[in-house]
Structures are given as C-alpha cells and as structure tokens.
Amino acid sequence: MKTAPLSWIEIDRSALLHNVRQFRALVGPRRTLLAAVKANAYGHGLLEIAGVLNGLPDIWLGVHSLEEAAALREAGVRLPVLILGYVPFDGLGEAVRLGARLTVSNERTVARLAEICRRMKRKARVHIKVETGTQRQGLSPSDVSRLARTILGRRELVLEGLSSHFANIEDTTDPSYPRYQLEIFTGTAASLERKGIRIPVKHMSCTASTILFPDTYHTMVRVGIGLYGCWPSKETYLSCRLQKRRPVELRPVLSWRCRVAQVKSVPRGAFIGYGGTYRTTRPTRLAVLPVGYSDGYSRGLSNASFVLLRGRRAPVRGRVAMNFIVADVTDIPGVRLEDTTTLIGRDGDDACPAEHLASLLGTIAYEILSRINPLLPRVLV
C-alpha cells in the first residue's frame, strides 16, 4: 500500500525551465547547453530533472559515472550524454552500448576502447580533457596532440570534443587565473587546428564563466548549479555587478519538506536531544520532525538553523540526530501533527535557502543539495 512520505523533495518544473531559458538567452541559440546532472542532479533527482529536459533542443546531459549514464538510458532518456568522469576498462563496453560520449585523458583507455569498439562493430565518440590548472583529471597540453592523432588513427573512434575545467573562478573576483587557464585551453585548440586536427565540440565554461565571461563559451557551455537556481558564490554575483552586467534571474528549483511527527510541551529547564546541548528557558512547545543527518540534514546545523512552519521561523533546538530534529514552535500558534514543514525553500513570505544552510556550515550550496538522501522521493510540482 502506497502512503504519503514523511519527508520529500519538491522540484519546481517551471523554475527549472525558466533557468534554462536564462542561460539560453546568455549563450545564444547556436551553442549547445550541457546540463550537469551528475550527483543525482545536484540532489534534485537525476531522472526527474532529465525527464523535464528530455526533448528540449540543443541540450546535452553531463554525468560523472557510467552508472548515471545507464540510469538515464534505462529511463528512456535519449538526449546526448557525456560522461565527465573516469570509466574503468571493464565498463567501456557498456558505455559504448549506451551510446554515451566518453572523456579520455590517457592512451591506455583509448587503446582498450578502440579494441572493444572493433569487437562490437560500433563507434565511440570521445572528448579529450585538457589539464589547464586544476591538477585533477586531464592531459598535459603538450601531450594532447599525440593523443588526438592516436584517436584519429582508430577508425572505431570519433574525436568529437576538447574540454577543460576552471579551478578558481567562483572563489574570487580576480579573473587572472581563469584567464590564464582559458589561454592554455584556447592555445591548445589553436595548436591542434594548425596541425589540421579539427574538433567540432569545445567546452570549458561552467555556470560562473557563463555568467561572467562570454569568451569562454566556445561551441558548448556546461551549466550546473545555475540550472538549479543557485548562484555559484557571492563572489560570482559581486563580479557580475562589478562588470556592470545585469544579474541573471535564477529561481530555486528545490524545496525540502517534511511532516510534523509529534507536537509536545516541555517545562522550563528541559534538556533537548543527545548530549543535552540545549536547555529550555521557558515552558516550550516542540515539533518533532522525522529528518536527520542520514537524510542529508547536517549534524552541524544543531542549535544553529531554523525550519519554516506556517510561514514562520522555528529554531532547531538540540542536536540533529540520525533520523530526527526538534524545532521550537512556542511562538507559532496552531502547529499540529502532520503539518508541512519546510527545511529548504519558501513558505509564505519567508524562505530558508540552501545558501543559508551552507553559510552556517562553512560550505557551499552544492554540498548541501547534493548530499540530500537520494532515497527521499522527488516530486515534480
């Protein structure tokens, strides 16, 4: 028997499509948008987000892993899928079967992929990742030409793309390092062109660079956090203002809600939660909420954050437990069992955005959103 969930994620379809339109207006109609749906679409739900985007023109999906690509294909999503992360040797055949594009940065993967394609009588499209200054996945610019020629020498492979990734564009208003990285990337692409190696899809731009630097667009832009209605950082917004650009209007896509599991009254001097970290200073009315750190509501929010009930703020009291938190609703009249509570999102005239929780924890909205338990149901609204 199917029952209503205790805790769930609401995905605002219209907000998602609005954000897509905002970025499409920025980059123009002739460039491809790659929607980053890795990490369960930044916590929003891989299949739910892909289902909304499926069928839109000039949209690719960017995933981290083979497993994410497989989930999309099994759900009937036919948009082009680019695997941005590493695919192990024993997964290359499955990637080819799925028709996913692969990111490559070493000769051994290319050789094994060509061998598999030859046996399967299939072709694979590959994108070379250039290391420009992040020192993660990627190939030194001086080695790109050799790998490109190796790929071109394998008739089973199609050299479709050249990519890189910015390292320090969101944490600063100083554009010097992004400019340095961009010079390496464009220089590498130009060097390949001079050698007669033409690569149709070039992409380096992320949300921040898409907002700030049109010269990073190339033929495709990758949009992640902005797609979901969050600015990458305060610095990105400030840089936008300093450049006298009109800020992109982004609408948050995700709301996290739960039902009140118990309402109780406790006397003055009562300890709340593990460790007795909070003690009431007056007769207090409490709402017990069936959400905890196993759901992605960080223990670091203990005695720090608030939730929204009936459009008003209710402070979190005591420690966040594995499956429960407790909110003080003394000043919110009429709270009842199974009332809807908002942990992230808007309720009436007030809101608790993911960025607020991130600021309390000394982290970023990316982490707050992507760590929401993938087992919680995602509901399109």
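In what follows, residues are counted from 1 in the order of the sequence shown.
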Do Leu33 and Leu17 sit in the same hydrophobic cluster, where Ile, Leu, Val, Met, Phe, Trp and Tyr count as joined when their side-chain heavy atoms come under 4.5 Å apart? yes
Identify each donor-acceptor pair in which a side-chain atom of residues 365-375 lies under 3.5 Å from a protein atom, sequence neighbours left out, and give them as a table.
residue	atom	partner	partner atom	Å
Tyr366	OH	Glu170	OE1	3.1
Tyr366	OH	Glu170	OE2	2.8
Glu367	OE1	Thr363	OG1	2.4
Glu367	OE2	Arg371	NH1	2.8
Ser370	OG	Tyr366	O	2.8
Asn373	OD1	Leu375	N	2.8
Asn373	ND2	Ser294	O	3.1

d(Tyr228 OH, Ile11 CD1) to nearest 0.5 Å is 9.0 Å
So do the side chains of Arg24 and Asp58 get within less than 4.5 Å of each other, counting heavy atoms only? yes
What's the verdict on side-chain contact (heavy atoms from CB on, under 4.5 Å) for His127 and Val201, showing C-alpha distance, side-chain angles and the deciding distance? CA-CA 8 Å; His127 291 228; Val201 182; 4.1 Å; yes
Please check if the number of heavy atoms outside Arg155 that lie under 6.0 Å from its CZ is greater than 12. no
Does a sphere of radius 6.0 Å around CZ in Arg136 hold more than 12 heavy atoms from other residues, nucleotides or ligands, not counting ones at 6.0 Å or beyond? no
Throw together a table of side-chain donor-acceptor distances under 3.5 angstrom for residues 349-357, partners on residues two or more places apart or in other chains.
residue	atom	partner	partner atom	Å
Asp350	OD1	Arg313	NH2	3.4
Asp350	OD2	Arg313	NE	2.8

Arg108 side-chain N/O to Arg112 backbone N/O, donor-acceptor pair under 3.5 Å: no
Output for pair (Leu16 CG, Leu53 CG), nearest 0.5 Å, gives 5.0 Å
Look only at the side chain of Ser239 and the backbone of Glu235, and say whether a donor-acceptor pair between them is shorter than 3.5 Å. yes
Donor-acceptor contact present, side-chain Gln22 to main-chain Glu249, <3.5 Å: yes
Using a strict cut-off of less than 4.0 Å between a Lys/Arg side-chain nitrogen and an Asp/Glu carboxylate oxygen, indicate whether Asp339 and Arg310 qualify as a salt bridge. yes
Exam field: side chain Thr186 to backbone Leu182, donor-acceptor pair closer than 3.5 Å: yes
Are the side chain of Ser233 and the backbone N or O of Thr236 linked by a donor-acceptor pair below 3.5 Å? yes
ILVMFWY network linking Phe306 to Leu301, side-chain heavy atoms under 4.5 angstrom: no
Minimum heavy-atom separation for Glu156 and Cys117, please, with both atom names. CB-CB, 3.5 Å
Can you see whether Asp174 engages Ser176 through a side-chain donor-acceptor pair at a distance of less than 3.5 angstrom? yes
Is the shortest distance from a Lys or Arg side-chain nitrogen in Glu131 or Lys129 to a carboxylate oxygen in the other one below 4.0 Å? no
Gap separating the CG atom of Asn303 from the OG1 atom of Thr277, nearest 0.5 angstrom: 4.0 Å
Given the rule in the side chain to side chain donor-acceptor pair (under 3.5 Å) test, do Thr210 and Ser205 qualify, once you have shown the distances and angles that lead to the verdict? CA-CA 6 Å; Thr210 302; Ser205 193; 2.9 Å; yes
Electrostatic pair Arg118-Glu115, nearest N-O below 4.0 angstrom: no
Quick check: are there more than 12 heavy atoms from other residues, nucleotides or ligands sitting under 6.0 Å from NZ of Lys123? yes
Using the rule given for salt bridge (Lys or Arg N to Asp or Glu O under 4.0 Å), can you reason through Glu48 versus Arg378, listing the C-alpha separation, both sets of side-chain angles and the distance that settles it, and then say yes or no? CA-CA 7 Å; Glu48 289 78 9; Arg378 270 67 177 174; 5.8 Å; no
Using modelled atom types and a 3.5 Å cut-off, is there a donor and acceptor pairing between side-chain atoms of Ser298 and backbone atoms of Tyr293? no
Backbone of Val223 reached by a side-chain donor or acceptor of Thr207 within 3.5 Å: no
Yes or no on side-chain contact (heavy atoms from CB on, under 4.5 Å) for Arg282 and Asp328, after CA distance, side-chain angles and deciding distance? CA-CA 11 Å; Arg282 59 175 177 169; Asp328 186 338; 4.2 Å; yes
Is any side-chain heavy atom of Ile272 less than 4.5 Å from a side-chain heavy atom of Leu286? yes
So, Arg285 versus Ser265: side-chain donor-acceptor pair below 3.5 Å or not? yes
Report the C-alpha separation of Trp231 and Cys240 in whole Å, then their side-chain angles, then the decisive distance to 0.1 Å, and conclude whether the side-chain contact (heavy atoms from CB on, under 4.5 Å) test is met. CA-CA 11 Å; Trp231 279 76; Cys240 184; 4.1 Å; yes
Greater than 12 external heavy atoms within 6.0 Å of Arg245's CZ: yes
Using only atom types and a distance under 3.5 Å, with no angle test, would you say the side chain of Asp295 pairs donor to acceptor with the backbone of Gly292? yes
How about Ile83 and Leu66: do any of their side-chain heavy atoms sit closer than 4.5 Å? yes
Do you reckon Ile344 sits in the same ILVMFWY cluster as Val291, going by side-chain contacts under 4.5 Å, direct or chained? yes
State whether Trp60 and Arg101 meet the cation-pi test: NZ (Lys) or CZ (Arg) under 6.0 Å from the six-membered ring centroid, and within 45° of the perpendicular axis. yes
Whether the side chain of Arg251 engages the backbone of Gly229 through a donor-acceptor N/O pair (distance < 3.5 Å, no angle test) should be reported. no
State, yes or no, whether a side-chain contact exists between Leu162 and Phe185 at a heavy-atom distance under 4.5 Å. yes
Once rounded to the nearest 0.5 Å, what's the spacing between atom CD1 of Ile9 and atom CZ of Arg257? 10.0 Å
Testing the 3.5 Å rule here: is there a donor-acceptor pair between the side chains of His218 and Arg31? no
Ala208 to Pro232 - nearest heavy-atom pair and separation: N-CG, 3.9 Å
What is the minimum heavy-atom distance between Ile199 and Glu193, and which atoms define it? N-OE2, 4.4 Å
How about Trp256 and Ser7: does a side-chain donor come under 3.5 Å of a side-chain acceptor? yes
Answer yes or no: does atom CZ of Phe89 have more than 12 heavy-atom neighbours from other residues, nucleotides or ligands under 6.0 Å? yes
Path from Val81 to Leu92 over hydrophobic side-chain contacts below 4.5 Å: yes
Let me confirm one number: the CD1-CE distance from Ile169 to Met204, rounded to the nearest 0.5 Å. 8.0 Å
Just wondering, do Thr103 and Gln137 contact through their side chains at under 4.5 Å, heavy atoms? yes
When you compare the side chain of Pro200 with that of Met220, does any pair of heavy atoms fall below 4.5 Å? no
Kindly determine whether Ser302 and Val316 satisfy side-chain contact (heavy atoms from CB on, under 4.5 Å), including the steps that lead there. CA-CA 7 Å; Ser302 302; Val316 172; 5.9 Å; no
Treating Ile, Leu, Val, Met, Phe, Trp and Tyr as nodes and any side-chain heavy-atom pair under 4.5 angstrom as an edge, say whether Leu56 and Leu61 lie in one connected cluster. yes
When you measure from the centre of the six-membered ring of Phe213, is the NZ or CZ of Arg179 under 6.0 Å away and within 45° of the axis? yes
With no hydrogens and no angle check, just 3.5 Å: does a side-chain donor-acceptor pair link Thr132 and Ser164? yes
Under 3.5 Å, is there a donor-acceptor pair between the side chain of Arg317 and the main chain of Tyr278? no
Return the CZ to OG1 distance between Arg222 and Thr32, rounded to the nearest 0.5 Å. 13.0 Å
